[in-house]
Structure formats: C-alpha cells, structure tokens
Amino acid sequence: MDTMATITLDSLRKEFDNGRIVAVDDLSVGVEDGEFITVVGPSGCGKSTTLRMVAGLESPTSGHIRIGDEDVTDQHARKRDVAMVFQNYALYPHKTVMENMAFGLRMSTDLSKEERRERVRETAQMMGIEDLLDDKPDELSGGQKQRVALGRAIVREPDVFLFDEPLSNLDAKLRTTMRTEIQRLQNEFGITSLYVTHDQEEAMTMGDRIVILKDGKLQQVGRPKDVYENPANEFVGGFVGSPSMNFLDVVVERDGDRVVLVADDGSFSYRLSKSFSAALRDATHEDELRIGIRPEDVFTATEGSNLIDSTVGVVEPIGSDNYLHLDIGPDFIARVASDIEPEIDETISITFDESDLHVFHPRTGETLLRDEPARRAAPASN
Amino acid sequence: MDTMATITLDSLRKEFDNGRIVAVDDLSVGVEDGEFITVVGPSGCGKSTTLRMVAGLESPTSGHIRIGDEDVTDQHARKRDVAMVFQNYALYPHKTVMENMAFGLRMSTDLSKEERRERVRETAQMMGIEDLLDDKPDELSGGQKQRVALGRAIVREPDVFLFDEPLSNLDAKLRTTMRTEIQRLQNEFGITSLYVTHDQEEAMTMGDRIVILKDGKLQQVGRPKDVYENPANEFVGGFVGSPSMNFLDVVVERDGDRVVLVADDGSFSYRLSKSFSAALRDATHEDELRIGIRPEDVFTATEGSNLIDSTVGVVEPIGSDNYLHLDIGPDFIARVASDIEPEIDETISITFDESDLHVFHPRTGETLLRDEPARRAAPASN
Amino acid sequence: MSTASRVARRVEDIPFLDKRDASLLFVLPGLFVFSAFMLFPVVYLIGISFTDAAPANLFAGEGALSVLTFGEATFIGIKNYVDVLFGGTFRIVLFGQSIATLPINGQFWNSFGVTWLFVATSVALKIAFSLGLALVVTAERVRGKRIMRSLIILPMGLPSIFTITVWRGIFSSAEFGLANQLLTMFGLETVSWLSERWLAFAAYNVTEMWLAYPFMVIITVSALQDVPDELHEAAMVDGASYVSRFFHVTLPSIKRPVFFASILTAAASFQQFLIPFVFNEGGPARQNELIVVYGYREALSFSEYGRGAAISIIALLFIGAFMWLNVKRGRLADGVNDA
Amino acid sequence: MSLLDTIGRKLKGDAETVAKAPVEAARDVRYTVAAIQRGELSPVEPLKTVGSTLGALVLVSLLLFPIYWILIAALSGTGGSIYSSSGLKLFPEAPSLVPFLWVVGDLIVQGYDIVVDIPITNVAVVFSTPQLTLLDVSAIQPGTIGRVAFGSFELFPGFAVEPVENPSAFKSFFWNSLTVAIPTVIIAMSLVVPAAYALSRREFIFRRKILFVYVLLTQVGGGLGIALLIGLYTVYVQLGINDNKLALAVYYAATAVPFNTWLLKTYMDGIPVSYEEAAVVDGAPPWRVVVEVILPLSTAGLATVFIFTFLTGWTEFVVAQTLLGTDNYTLPVGLYSLISEYSIPWARFSAFALTFASPIMLVYLFAQRYIEGGLSFGGVEG
Amino acid sequence: VGVQESSSDGSESDSDGSGETATDSGTDETDASEPAGSASVWYQLAEPEIPGRKSAIEQFNEASKHTVSGSDISDMRKKTTSAIPAGQGPQSFEWAHDWVGDYTQREFVVDQRDEIDIDLDVFTSDAREAIQFEGNLVGLPHDAETVALVYNKDIVDEPPETVADMVAVMEEFHDPGNNKYGLGMPFADGYFLSAWARAFDGYLFDKDADPRIGVALPETVKGVQFAVDNFVPYMPNDPAYEPQAAAFAEGNAAFAINGPWYLSTLNEKGIDYGVAKLPAPEGGKPRPYTGITMWYFSKAMANGGADADAGRSFIEWYTTNEDIALKAAEEQGSIPVLKSLVDSGDLPDTVEGFSEAVKQGSPMPTHPDMRKVWDPVKAALTKAFNGKDVEQAMQSADEEIRSNLD
Ligand SMILES: Nc1ncnc2c1ncn2[C@@H]1O[C@H](COP(=O)(O)OP(=O)(O)OP(=O)(O)O)[C@@H](O)[C@H]1O
Ligand SMILES: Nc1ncnc2c1ncn2[C@@H]1O[C@H](COP(=O)(O)OP(=O)(O)OP(=O)(O)O)[C@@H](O)[C@H]1O
Ligand SMILES: [Mg+2]
Ligand SMILES: [Mg+2]
C-alpha cells in the first residue's frame, strides 16, 4: 500500500426508523495507517452499523468519514477501496472459489483474466487453499470458507480491511487458529483494519487498540492492556476480561486518615492505605462507592490484614485454574490456581491487593481514580 | 425424582448412509443418577448423534441404551421420560411461552389445564420469565429464549435431561451467565443430564464428568480435572484446555541414567530427572516421542537448568495474562503474567517443570506415562 | 388412526416393504385420485386415437361397459396419426416463390411450429417482464412496495375467460381500440392487430404475459427476498455496479426458482387455449392455431374425435418430453429431495 | 382454533400497519425534511426515492389499467362498453350502479315461521322472523343504496341508481361455484396435506419416483384439461356423472394434486426438523405432532394451497362449461353465458366479472405475503 | 279436466284463428289421456331477451299438462355437439336454421314430419324451406332475421335507395380523426356480407350449382370487391362485430348494417334510428342471407314418449303463437314467419324494414358442407378488409374449403 490509509470517524451518528433508533451516537475515532483496531461491545451496540458506514453500506445521518485524506462520507461503497469479511462469509454460492476471489479484481481493476487468475493463485497459495480453487463454497468446511473469505478480501490489496465478526460462526478451536492467521496476515500486509467482534477476548488479543461501544456511544479507546487495567468506567471494567470483574457496593467510612470500605451489608470491611485514601478523598466526596476487583487479583490467604471470609458456592475447574464462586457479592468469582479446590459450602478467606482495586462512581459508573501510575508506584505502602 | 435415572450406553454404534458413515462407534458410557455429564469433541464427532439416540430420535445400529433399569433401545422417543434442549431452542413459534412450556405436560401427563398452568407458572417464576408467558418466541431475546427452552424442559420434571449445545447461539457474556444458571438448576434438581458442547471450557466447567469423543470413538471419560491433568492421549491433551497444549517432537537421547529430550531440529534439549527417566524407560522403548506442555506451565526464566531460548512472535494480551507465541514449535504458546511483555522478535528464555510434561507415543498418540502420582510425588528430584 | 395403523401393520407383512414404507399410504390416495381422473382419460384418449371415433359412434352402446369398447367406434390403427402428421401437402413458400412441396400435413405442422414459437416468445417475455417488475417492487428506493405487490397480483383473481375477452377488445383493430389509441397517442399509425398474423401473435403474447405475470412475479419476488443482503453488500464492497450485481449476484441466486416457474409457465403457454380461441380462433386463417386449439377444433368442431385425440396425444407426448427434459436437466425433483 | 387465531392476528397486524402507514409516512417526511434543513442530507436523495416510487406507481397503474378500464365500462350504465368509438374516457360520463345492482340482485332474507308446539295443550306458538330486506333491486330508489347499513348516509353519491327488473342469476351461479369450490378445497386438502407431509418427512419406497412424477405433472395436469376434455367428457357421460358438481369437484381436486402436493412439500421442507423432534421428545404422538406443530407452521403453505385449489374450482371455465348443465352453471360459465352470439353486454359482463372476482382479489390483497411465502420455492434452491 | 281448462284459458288469451291452431293441437293430444311429460329446451339469448322467453315458457306450463324447463346455454354449438350425442341433450333447442343440414347428418336432430299436428303452411315459404333437409322436418321456425340498413335519423333524413346515395352521405359524415364514421358493419362475417357477395349473381355455396363452392367465382369476387370499395373506407378499422356495432350505437356512425338483435342495444343507448331495406348497388341487387330461428327437434325426441310430446307441443304452441311473435317483433325487432302476421301490416316500422330486407334475401343454405365455408370466408374477408387482394383472398379460401371437404 503506498497511500496512507488512515480512517477518521468524525462525530458519526446513525439513526434508524426516522430517528427512533440511534444506532451510533457521536462517534469519533481515528485509526492510524496499518493499525488493527478491534471494535467490541454488547449485541446491538452499533458495531456493525459503524463498520457498515465505513464500508459505505449505510450512510451516516451526520458526521464524516475520511479514509486517508479523502472524505468518503458520500461516496458509494463500490468506489471506496475497502474489503470486507462478513460474518456468514457471504461467498457467492454459485461461483467457484477462484471466481469468488477474482470477482473483486474483475470489478475494481482492469487486470486481464490471466493476471487475475495469477493473483488469485498467489493469494490462495499463501492461504493454503490452492487446492480448493475449483470448488463451490458449499463443498467447503467452515474453516475453509473463512479462509476463502479472507483470501477474497486480501487478493484485492485494499486500503482498508473491515471484518464483521468473521469468526463467530466457527467453533472454539478453529476460532483460535483463524485468529492467529488473521493476525499473521495483518502483520504481513500491514493493512489498516477495523475488526468487529462481540468477544472481548478476541478484541483484546487481536487489536493494536480496542474500541468499546455501548448503546452506540464510545466508552473507551486504547491499547488492550490499558483498557484492561484502566477501564474508563464500570461498563468497560465489567465487559473486558473473563471472567468478569467483580463489583461490590461499599460505604466509605473514615478511620483517621485512612479510609475503610465497608460492604453495604456489613459483611466485610477493607482498610485502604494512607496514600490510596488520600487519592480517593481527592477524587470524590461520595459516601458510597462501587469497587471492582478482577477474579485473578483475588487470592486466598490465611493471614494478613483485610481478610474477607466467604462461603464457596461452586468450584469450576477450567484446567489451568479453578474459578471459585463466592458469596461476597453477586457472581463474585475468584480465579485461583487449579490445586486450590475447596469443598462447596466451605468457608475460606480471601483478600486482594489495594493496587488492584478499581473505584467507580456509584451512580454514573465513571472510574474515580484514573491516574493509576502514582498509586501503583507505592503498592507496598499500606 | 424417585426413580434411579442412570443412563447406560452399551457398545452403541450408529451408521448412516448404509454404513458409509459411522457416526458413533462402539460407545460405552455409564451415567450415574443425578450426574451431569458433558460430551465434547470436534464437529462431526458424533456428539449429537449420541444424544439423539438417547432421546430416541435416532435408533442405534447396534448396542443398547438403558435408562434406569429399563432397556429403552427400541422404545419410541415419546415414551421415554427425557427432556431435551435444542441448539436453536426449537420453541414452537406459533405458541406462546405458556403454551410452549405446557405442551410437554399436555402430551405426557394428564394434568388438568389449570394444574398445567400452575406448574408452568411456578417454573417460570423460578426461571425469572413469568412476565414473558404471553409472548411469542420471536418477541424474545436470545437469553430469554434460552430460558424458556430450559423452562420447557424443566417443567416436565423428566428422568433425564439432554442438552445439545444449548448455549452456542448466545454471545460470550450471556453464555457465561446461562452456564451458571444451568449449573444452579442442575444442583437444585439433581436430574441426570447429558450435555453436548463443542466448547471444551463449557465441558470442563459444567461437567461432573466429561466424555470426549473423536470420530465417533470414545477417547476418555473422567472428571474434568483428571482429564485435564491426565489426558489419555494427544488428542485429548490438545483438545482440552485453552490455549491448547503445546506439542513438540523430540528425540530420546541417553546420558547415563538420565534421558535427554532433544528437539528434532536440535534447537533445544531438555534433561529429565532420574526417576522420570526411569519411568519413561519403563514405559517405552521408542527413540522418538511427542511431548506436550501446557501454556500455563511454561514460564520465563533467566537462570536454572533446561532453559530454552526462543524468539517471540506475537504477544497477545488477554488482560489477566499474556500469551506469548514462541518459535520453539508450531503454535507454541506460553501463558505468562500480564506484566511480562517482551517485544516482538525479542529472544527470551523459557522453561517448564518436568512434572508438567506429558509424553505421548509419536505415532499412536497414546499417553505413555499414565501413572502420574508417583512421578508427581517427586517433582523436585531432578 | 387405528385403522391406518392396522393397515400399516398389514403392509409390514409384505416382504419387500418395511415399516417406514407405510408412509406410502399417505401419498396413495392423492396418487390414486389423480390417476383416476387424469391418467385414465389419457389412456382413454390414446384408445380413441386409434379409432374412427365420432359423436355418432362413440356414445353408442349401453352402460358403463361400453366405455371400454369406445362405443361402436372401429379400430383403424394408426391412420389418425398418419393423417395428422402426413395427410395433405405443405408448400414451403419463400419470397412468394413456392420452393418445395412436402407430403405432410401443413395445418398440423404449422400449428406445431407456432405453438413452440409461442412458448419460446411468451416465456421469454414473461420472464423478462416479471423479473423487471419484481425488481421494481422490491427496489430499496420504492416506497409502498407491499401494497404494490398486493395490487399487481390482482389479475390472477379475474376469470381468464373474462380477461381474455377484455384483451380481445384492447387489441381491436378499430381506430378506437385501446391498443390503437395508444399508438395514436404516440403519433403512430393504427394497425389491424388480429388480422395480421404476427401482430395477432404479438397480441397473444402480451395477453399471455398479463395473465401469467402475477404468478411469476410472486415467485420472483420471494426468490429475490431470499437472496442474502450480505451477498449484495459483498459485491458492492467488491466494487460491483448495480448491473454487475444483477448479473453476478441476483440472477444466479434466483435462477432456480425462476427457472422452475418458467417451466411451469412454459407448459401453460404450450397448452394455451382460450387466448387464440377467443381472439380470432387461432387466426387469421388458422395461421396461429396453437396445438390445443387445433386438436379441439378437429375434435369438437368437425366431430373427428379420433383425429382430435391423436392430435392431443401427440401434443401430450411433446409437452411431456419437454417437461421431462427440464425436470431432469434442472434436477427439480432431485433438488427438492436433497433439501 | 389456533390457526384461525393466528390468521386473525396477522390480519389485525396488517390492518394496523395499513392504518398507521400515513402517520409513518408523515413522520418519514418530517424527518427527511428536518435532515435536509440541517444540511445533513442532500435533497437529491429523497428526490430519488420519490422518483422511483412514482415510476413504480406508473408501472403498476399501467398494469392495472385494464381492470380500471373495465370498471369504467361497468360503471357507465347498461350501455357501457369497452369498445367506445368516442375515444378513451378515464371517468364514466354518467356513472351508474345499475349493472352492479343487476348483478347482485335482491338481497332478501326470507321470513320464516317457527312453530313451537306447547306440549299437552293444544296451543302452538308461532314466531315469525321478519323478512330482512337488505336490497330490493326492483324497488330501489335513487340515493338509497347504503341506507340500510348507514342510515341516511348515501354511500355512492353521484351514481345513478334505478330499479332493476330481472336481475341476473348471479346468486345461483355463486351458490354453484361455492358448492363446487368448497368440496374441491376439502377433497384436495385432504389428499394433498398428508401426501405433502409424508413426502417431506418420511422415507419410503417409490418416494423419489412419485416426487418426480409430481414435479413432471405439476403444470401438465392443469392445462391438459382441455386436451383431455374429450376423453374426460366421454368417460363422465358414460358413467352418468357429467352434470354433477361433486364429480367436477373431485376432478378439480385431482388436477390440483401434483402441483399443490409438491408446493406444500417444498414448503414443509423448510420447517426445521427440530420442532418436530422437540414435540416428539415432549411426548407427542405422531398425529399430534402434525396437528400441533407441522400444520400451524405450514400456515403460509396451506394458505397458498387453499387459495390455489379454491381458485381452481372458482374460476375454471372450459371443463365446467362442458360438463355442467345449466342448472349447475358456475360463475365463469354464467359469466360467459352473458355473451350472446354477436354481442357482449359489456357493462353487465364487467360488473358480473368484477363482482365475481372481488372476493378473490380481497383475499389476494390480504394473503399476498402468505402466497409469497408459500411460493418461495426455498427447497428448490440447491 | 283441469288441463283442458287451462289450455282453453290459453286459447282465450289468444285473439284469433292462428292461436286456435295451437290450442287444437294441444287438445288433440290430451284427448288420448297420455301421460304428462317434461321437456327441457335450450336457447342462447342476449340478456334482454331472456325474461320474455321465461315468461313464455311459464305461460305454456300453466296452460299445458306438460312441463317445459328452459335453460340459457353459454355456448350452444359446443354444448349441443357434446351433449346430444352423449344422450344428455334437451328435447329441443333454439338456433338459426343453418345447422339443419349438418345436425341432421350428424343425427343430432330428428325428423318429426309425421308427428306434428300443425300445418306448415302457416309459415312463410322461406321458413318452410329452411326447416327441412333432404325431406326431413327437423324443427319449426319462429322468426326470421337478416341484416338491413339501420340509419341514424339525426344524421340521415331519408334512407338511401342506392349504394351511391349512401356513399355520398357517408363521404360527408366520415371523419375518423373525430370519431365519426360512415358505416358500422361486421365486415368479416360472411353472413353480414352475403348481401353484397351475392349482389352480382355470385354465391358462396349452392348445393345445386356447379361448382358448389362459389367463393372464388368472378361474380362473387366482384361483389366482395364492391363492398370493399364502397364501404370499407367509411368503417372503423376492426372488421369484428363489437367495434362496428359500437360506432353506430354511440351515435358516431351514419349507418349500420345489422340485424334485429341490434335494436335492443340501440334502444338502450337512446339512438333515434330507422330501419330500411338494403340499398341497391349499381348493376346488382343486394341478396342477404336470412336466418330462420327455429326450435329444433333434438335427438331426445327420437323415441317418442311423453317427454317428446311435451317438447313437441311446446314447439308447436310457441311457433304458432301470434302473441309471442308479435311481442318479439315489438320488443326485439324479430321478424315473424307466421304468414298471418307478415301479411297483417301490424308490424312496427323497424320490423317492417327488416321484413323487407328478408324479402330481398334468401335463407342460408342448410347443407352440412356450408359449415366448412364460413371460416375460410371469414379469413378471406378479413384479408379483403385489410386491403389484401380480394381475388387472391377468395381464391385461397376456395382452396381451403375444397381441401376441408375432401
Ligand atoms: N437496518 C436497520 N433498521 C433499523 N434498525 C437497525 C438497522 N440496523 C441496525 N439497527 C439497530 O441499530 C442498533 C445497532 O445495530 P448493530 O447491528 O450495529 O449492532 P451490533 O453491535 O452489530 O450487534 P450484534 O453484535 O448483534 O451484531 C440495534 O439496535 C439495531 O436494532
Ligand atoms: N442424518 C444423517 N445422515 C447422514 N449422516 C449423518 C446424519 N446425521 C449425522 N451424520 C453424520 O454423522 C457424523 C456425526 O454427526 P453429529 O451430528 O453427531 O456430529 P456432532 O458431533 O454433533 O457435530 P457438531 O458439533 O457439528 O454438531 C457426521 O459425520 C455427520 O455427517
Ligand atoms: Mg453486528
Ligand atoms: Mg451436533
């Protein structure tokens, strides 16, 4: 690619049904050239709509889309140099794999038939599907179809790649394989990509950056690790990571210059360090808070401060680890090593590091302590 | 349930297409009363066929099925007291939720209309769907449909529950929720259940025991943890656990009474402890082996013996951990803590514990060192 | 139900039938009634075609038994067929020059040829028009599509005898015939629609199209709606224009249902009777006498039942072969089976 | 009857949609205008929509023009004709309802005397139901149509109305048509439905052969009627059943068998098997599966078959004309008998035809989507 | 007996002698106290004529011990050709006499010469001739019809005596651009054109002449050519009945050449018309075919019996009933064939016109071969109307007829 294929979404808004449904609401995101951006969010949050606007399959109600330097907002889909991989592959069922892959070239370039076949063959070789070129799509397995769909997009060497949940129809194993394959291709070609998925793990592992949407509104953009560690709000915190972050409602009590977080039913209390307390006091004057703690940050302990006693509900072994469902809060899960196997209804003590604590506004859900590095720098000071 | 609802599959075999396709091959499994068994395997391995034979929707080519003490092999589906939850829910689209749930009662009991409604209402309340009773299925969301499908099965209080990938149409988050819900219900009612899934994580977390099939043949039955830790063969080892177990082909070399495993391309060597060497020698005389090591058992190290140098291909952050794709073998992944973030192409040293090593026959794929406890007992003796 | 299952049990006892074959019982009544009312007349017709049946002798004789003896008609072998195919002469005229005279029945072969021509032209017309119309009433930009779709199938509700009579009026050669008024509106000369062979033929085609398009449109519309949007979108992103999309996505996707509908409608065209009959009795001068009209006229107007039967049988053979070819080639029966 | 219930509900939905259409359109216009005013939408877009819609409207009007044209002829009073030497008129000059009145004739429900003998006593009580005169065409006064139902409201202002002597025999033809069409439908449905079900769901001997024959004969069957007329007529006459409406109905049903069986079978193929399986597992015996699940789900297919078979009986002309005696003339034959040797009373002829067709047209109007669904040869796709 | 009473009721309502004939015959039969029969009769009428026919049948049923039921048939030829041989036919059906030969040959109708009780002399000679074929008497006539000149009194003051006069009027009035036409005449129909085709001693078919088929004779061709030259330029462009009829019926044509059945349409449309005999061409005289509408003795009468009696007595009653004939003349413009009426001078003007036209012409041939003449002639006339060479067209029609007759 010689052109700079950045994508800029500028206050994009899309309404359906004469404004009754706002699918995308004031979305502004910039995608760097060669970047792989994953878009994630719950069902109906507007991911596909966003992607389709970039592809030109929907026209925005307001706002602008730029690819490279060009404003493509009003450009027809077929004029934009984008390739798209669809959830159901959308392979032309009556064309052979060869014809499927060559179709885009035929429509958008003026290569001769021979050149087209040559290009297709090269790509097919790269994708390991050269043996399938004469087959029709319905003779292919799911993974093969997926490969063909990818190949069809790649062979056109577009400025921009769009993926709409391309892996959601594959089974778990194949999904992992194809995920790696897409990453490999992306590394190889460095084509700017927008990748929609509802699977946060996929989003996390694949994206250079990750865009999180909810109800058509942008929640957060950032590198997966940043998003994971510093979720902008409760929603992002809960959405990213599996199993989900555990949330607890607490009351803020003071004990000198320390803050003590007490469960609203009084079942436990957690005493914060001085520096954390200070930071928290600076950040908010709320009496109640919502705290979040990730399952892997919860550990069992028998001694030390801030121990929380809880009853084990279910023990889920996933092989490498065990998930303990605890009765501290609703759906409270601790991820522990696989050799920790308490009995059901056993009472165990757990705790977590203050540094792993996420603090959210009880009503808006906004993260209250954003500036983590300061706090992280002194984890041992409690 | 007052009857003992065990399920016994006895040398079950199912052929299709006049024997051209053997979907299930000599399958014998016993299910205890109240047990929750998950059946897992790649697509087309015969999971659904097995389930459908138990339900009575297919009749076995040979072999027997017993539910409780009764041989039901030739019994018609509607005579068997089983309930089934289908992948696409199979809710009758023309009936309301109430009618959907009451249908089974109407067909298989002689309760009065009022009693039926009462039973349905109770169940619906338990499932949290009492507000939906007058809706038609297509007015429901995926999760609600799923609940109704479950409710429809539960309300009949059958001897046996059958599930055919009931969660595969839901998105990741909802899947986790529903998974817990099914477990809760199973705990509550203790109905013998057979649960088919292609998602090994689902199988692992949900099953009291897990049945692994491949090409219609039984690979292993056992508690999830046992299966995870002691896979019967390479296939099970690779299938269970995510990311997959890493496999390496090695040549067995001797160094006195120690065995050294050398990569077939010579890129690394791994020296075993005496006891392990002895055990290995007892188990096999093969010159070549296939070893398996789980990603979470691989750790980075800078000192110590058995260090293996490797180049980092991709770093996949999943938040709680990072996956490092290493060039030691094909798709070799190490799961490391999320703060270990090597650069791409950086060379790092990794190693793993001998005790975490799985050894397979290079051709049959059988596990060669089965009797783990002995070996595990002395992990530090190398 | 219980009788059915008892019968089912009986059937199981027949060696080569197994239990599942009992389902044949569901199909047999329909098959039986159909055969009784359709195939028996065909067999009867075949019988008649070998006799000199005419009203006078066919109905002679008493009782149901005489059905089987064809009344008092006498067996005359294949004379009817020979007459139909080879009786008379056929002059091939080119540029007003008679170039050859063949010993064949000109009337029959003319009718035969014009029938196939009619099938070809009317089917082509029906497909093209219905496809266009279906595209219009499913077009994204068009509002009120549902209502339009409801409206355009209304002609299907009118009795065809009436519709055709009305179209006869439309194609009146008079200056004030509707078709002629249209021509006048566009500043063209009025024409004598039904008294000029090819104009009349064209009029048949248009009328046939109007009669058949609702059915075709319904099928095409539902086929169009079954084309996944994703395919269109994929093609759009691939850079295909509307026309390319039509040829590369739409057409291949709706090919089979439309093909199927075309075969049905081709068979209907082949058997068209009322249009030529009402318009000008297959005229002018029997030039456009479609095969069914021909057989009908021979049989009923000239009381040559045997001959009419022979013509009908020949027509049947051809339409049967045509259908058979298409069903085989289009794998229509297979397609449904594999589904 | 849940089938009727469903249909009722669908009809209500349709009616609501139609009723709300103007509101929706207004909303649409307002929304579009607002968007244009905000400068977010190029005015060309709505113009394109308006243009396309107008184009489509013109096309539809052209297509329906013949129907409108004959309506004008019918409304032009008894002298109306489609051959108008005075040029094309788009509106009737002296609109008149007389032809329609002539067609409809008197609508008088005769009064009945109901005699009830009171036991023991010799007294009998006589109830006389009043004679209900809905329409008495021979005594009709200008401006009175609709008065019965609408009080003083004149239903058709501006249309000439005069007393009609000797109204047509429409009602008797109508009755004949009904008594032919209804048995046709009943017979055809009872032949077609089980066969379609068996062909779609069961495997049995000769299945493929029968299907093949049916597909082969789908259309040949209907149209061959004329070619077979001689044979048919002779046979009927010899059996003495030529002037028998029931025999005609059986004949129609027979001709309808192949096409409709095939049609319904194709439709049923599209119903997922899992519904059926769910019902079986729920304990439903086979016939209940059919009645409770398959038939309700085949509504569109059944509706289509219903309409098609009904139409056969309702509109078929040639065979009816040949077989039936005057007393049993059905509507189309009755219609044709209006034509005398030389001339056609166009106004009455058209009014007759339109009155005759209007119920069918109404059905089409409402059942359009069922027919569309029923005729989507989904199963042909391959 | 009650029957006698009611039939004498009938005779009371009859005013004069010819009515008595009918009554007499009725009485003669019932004397033998034969059983009452029931007969069905078929007719195919235009809508306005049906009520009259029905009431006539009712009248008969009241007056006679027999019962007759009448049915309006939608396609008489088809129905009779299929039903009668199958034994499903009626006792009688009403149609013009042109099927006499054909149907006699096909044994659809039967000779009842010896059975009937009336004197054929009450009918005009043309009518008498028309109902017989090769010595068979296969029905009784009740009226005659032919085409005559109908003119619009608003446009034409006096009916023209010659074609030349007529052309002059047409020339003046004809203006198709403004929807004005000189003449409306269903040109392609041999029946309508027969007056001109036979005006110069040509003929279409004559079983006694040589050649029997006269279609291509120079005289016939001349006649057709005459019509083409003098009429076609002033007619609407469609030779079929409907459009031609429409032009005059809407007041847009000066003349029509049409039959009595046309008058009801004209009355409905409120046209002020007159009927006159056909104008004479130069050097020839118009000789239209006339049709005698008759009640056929259908095959069902062959075996006699009460039902046949019923049918026969109905036919006899109907055909000799002056009231009916007169009423039909007044209301439908039909031309009576009862001599008593024809000579009485009581007929309405319009019927007079037709009557004179009938006198100009002669009945259509009854020979069965005539059936094979109509269609080819129709095709030839269509060609002629459309400007094809008349001689060639007639020639090929001639050939076709001959080959069909083989
Ligand atoms: N063509 C349309 N007409 C009306 N509403 C629409 C249309 N397309 C999308 N929507 C609505 O817009 C919202 C966003 O839809 P979108 O398809 O973008 O969600 P998504 O994030 O892709 O969800 P999913 O994960 O289920 O695919 C939803 O509420 C949806 O119902
Ligand atoms: N009705 C059938 N006719 C022919 N072959 C069948 C039939 N049903 C299943 N098979 C074959 O039997 C094998 C096992 O199928 P089955 O549906 O049990 O697999 P599965 O494990 O459920 O797969 P998946 O995860 O895709 O649902 C497959 O090879 C399949 O093709
Ligand atoms: Mg989406
Ligand atoms: Mg399965």
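Throughout, a chain's letter reflects where its sequence line sits, starting with A, and its residues are numbered from 1.
Between C:V237 and A:A55, the shortest heavy-atom contact is CG2-CB, 4.4 Å. A pairwise comparison of heavy atoms in C:A234 and A:R152 identifies CB-NH2, 3.8 Å as the closest pair. Of all the heavy atoms in C:A235 and A:F103, the pair that sits closest is CB-CE2, 4.0 Å.
Both the backbone and the side chain of C:H248 come within contact range of chain A, each with at least one heavy atom under 4.5 Å from a heavy atom of that chain. Residue A:L105: no heavy atom, backbone or side chain, is found under 4.5 Å from chain C. Heavy atoms of A:E99 lying under 4.5 Å from chain C are absent altogether. Residue A:K79 does not touch chain C at all, counting heavy-atom pairs closer than 4.5 Å.
Most heavy-atom pairs under 4.5 Å with chain C, from the set A:M84, A:R156, A:R52: that is A:R156.
Atoms OG and CZ, from C:S244 and A:R106 in turn, are 8.0 Å apart once rounded to the nearest 0.5 Å. Distance check, rounded to the nearest 0.5 Å: CD of C:E230 to CG of A:L57 gives 10.0 Å. Separating the CZ atom in A:R80 from the CE atom in C:M236 is a distance of 11.5 Å, to the nearest 0.5 Å. Here the CG atom belonging to C:L231 is positioned 9.5 Å from the CG atom belonging to A:N88, to the nearest 0.5 angstrom.
Atom CZ of C:F32 is surrounded by 12 or fewer heavy atoms from other residues, nucleotides or ligands within 6.0 Å. Other residues, nucleotides and ligands contribute only 12 or fewer heavy atoms inside 6.0 Å of the CD atom of C:E140.
Proximity of A:H94 to C:L251: side-chain heavy atoms (C-beta onward) are nowhere separated by under 4.5 Å.
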